[in-house]
Amino acid sequence: MEQLQNKIEAYKLEAGTENVADAKALEDFRIKWLGTKGIVKEIMGEMKNVAPENKKQAGQLLNEFKVFIEQKYTDLKANAGEAGDQAGQTIDLSLPGDDLPIGSRHPVTLMRNRIVSIFQRLGFAVAEGPEIEDDWHNFGALNLPEHHPARDMQDTFYIQQNPAFLLRTHTSNVQIREMEKGVLPIRGIYPGRVYRNETVSARSHCFFHQVEGLYIDENVSFADLKQTLYFFVKEMYGKDVKVRFRPSYFPFTEPSAEMDVSCFICGGEGCSVCKKTGWVEILGCGMVHPNVLSNCGIDPNKYSGFAFGMGIERPAMLKYGINDIRLFSENDVRFLKQFTSAI
Ligand code: PHE
């Protein structure tokens with residue numbers, strides 16, 4: 001039995017080091033090891049000399065050995081195959097290369113970059129913040145105390161293990177985080193993804209993207225807010241577009257307004273995009289509420305500021321004629337590859 005074991009080990013070592021350079025050597029290997037008069041057959045024959053009580057163990061060993069050699073043969077064959085292919089192949093260097101499709105920017109990214117770059121030209125600096133946020137930075141500091149009915153305007157998703165954390169409903173959390181740093185003046189633009197507990201449909205989704213802006217300094221007035229947004233609208237929608245502000249309510253700004261632009265599809269005459277009103281709502285804005293400044297350690301008697309916030313999907317849908325907001329997140333290449341041009 002021991003003798004048989006030693007013999008098998010020696011054969012394994014020998015077979016392990018074998019190598020073949022071509023098909024002929026491969027065939028020689030097969031004949032030597034697996035042929036009808038080959039080593040595997042021969043050693044199998046030794047079973048008859050094994051004592052009955054050892055037969056089972058010997059059978060196992062021999063079987064293992066056979067599998068080992070067969071595997072080695074398969075490996076050598078694969079290698080020899082590759083070598084053979086290379087040897088037999090002539091490469092036509094004049095053929096064109098394989099097409100490597102280059103990706104394109106997502107329409108939401110294109111629109112975000114466009115909005116952000118207009119404000120960057122006015123000296124606004126980009127900052128980002130966490131999408132999983134604590135209650136204070138998303139609501140509390142923004143003058144939205146717990147149980148305040150205004151929280152209903154932005155129903156969100158809470159984190160089950162710890163409801164003190166939630167998915168931010170707006171990028172206003174970045175405003176708070178920037179103000180908390182205490183470095184003034186602030187002129188910032190804050191793009192990012194936000195979440196709301198809304199029924200998913202062609203017009204609304206449970207997540208979307210926003211750009212918010214913040215300007216805090218001494219003597220900032222509503223006139224500064226209007227002038228900044230006028231500039232934005234002219235750059236974004238063209239010189240002929242008209243602007244109007246409607247009084248509105250946000251807990252974190254006072255006074256607050258909603259800004260509309262004259263419909264850039266129909267020129268203000270009334271169409272399905274503006275729902276025959278001639279106006280399209282594009283953002284919310286206002287003067288930062290003194291409570292918000294105090295919450296962030298900024299003296300409201302010395303400093304004032306304005307803030308604004310807008311969605312990205314809606315203007316992108318208008319710009320590209322996309323009729324379903326869900327398309328943005330379905331990752332369908334047929335949809336995504338249509339937006340290769342820079343805007
Ligand atoms: N955070 C508001 C929203 O998401 C937008 C906004 C920002 C309004 C700043 C006014 C001032 O609805």
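From a predicted model like this one, the values you see are computed outputs, not experimental measurements. Counting starts at 1 for both ligands and their atoms, following the listed order.
- Across the listed options F252, Y249, F306, Y190, F252 owns the non-hydrogen atom lying nearest to atom 2 (C) of ligand 1.
- In terms of polar-atom proximity, defined here as any N/O pair under 3.5 Å, H170 does make such a contact with ligand 1.
- Under 4.0 Å from ligand 1, heavy atoms of A307 appear from its side chain as well as its backbone.
- The atoms of ligand 1 that sit less than 4.0 Å from any heavy atom of F250 are 8 (C), 10 (C).
- Ring geometry for F29 against Y73 counts as parallel: the plane angle stays under 30°, on a 0 to 90° scale with 60° as the upper cut.
- Residue E212 has at least one nitrogen or oxygen atom sitting less than 3.5 Å from a nitrogen or oxygen atom of ligand 1, judged on distance alone.
- For the pair Q154 and ligand 1, a heavy-atom separation below 4.0 Å is found.
- Ligand 1 lies less than 4.0 angstrom from a heavy atom belonging to R196.
- Counting heavy atoms closer than 4.0 Å to ligand 1, residue C285 contributes backbone atoms (N, CA, C, O) but none from C-beta onward.
- A salt bridge links K24 with D28: at least one charged nitrogen is closer than 4.0 Å to a carboxylate oxygen.
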TODO: Please report the C-alpha distance between N173 and E133 in whole Å, then the side-chain angles of each, then the deciding distance to 0.1 Å, and finally whether the side chain to side chain donor-acceptor pair (under 3.5 Å) criterion is met.
DONE: CA-CA 8 Å; N173 66 327; E133 187 54 282; 2.8 Å; yes
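- In this structure, K12 is not positioned above the aromatic face of F65 in the sense of NZ or CZ being under 6.0 Å from the six-membered ring centre and within 45° of the axis.
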TODO: Output, in order, the C-alpha distance, side-chain angles, deciding distance and verdict of salt bridge (charged side-chain N to carboxylate O under 4.0 Å, His left out) for R30 and E27.
DONE: CA-CA 5 Å; R30 194 191 64 77; E27 182 57 7; 2.9 Å; yes
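- Residue contact check: S172 has heavy atoms under 4.0 Å from atoms 1 (N) of ligand 1.
- Between atom CZ of residue F335 and atom CG of residue D324 there is a gap of 9.0 Å, rounded to the nearest 0.5 Å.
- Residues L110 and R105 have side chains in contact (heavy-atom distance under 4.5 Å, counting atoms from C-beta outward).
- Contact atoms of ligand 1 toward F308: 7 (C), 9 (C), 11 (C) (distance under 4.0 Å to a heavy atom of the residue).
- Checked against a 3.5 angstrom limit, the closest N/O atoms of Q210 and ligand 1 fall inside it.
- Between F139 and H170, the ring planes are tilted. Angles from 30° to 60° get that label.
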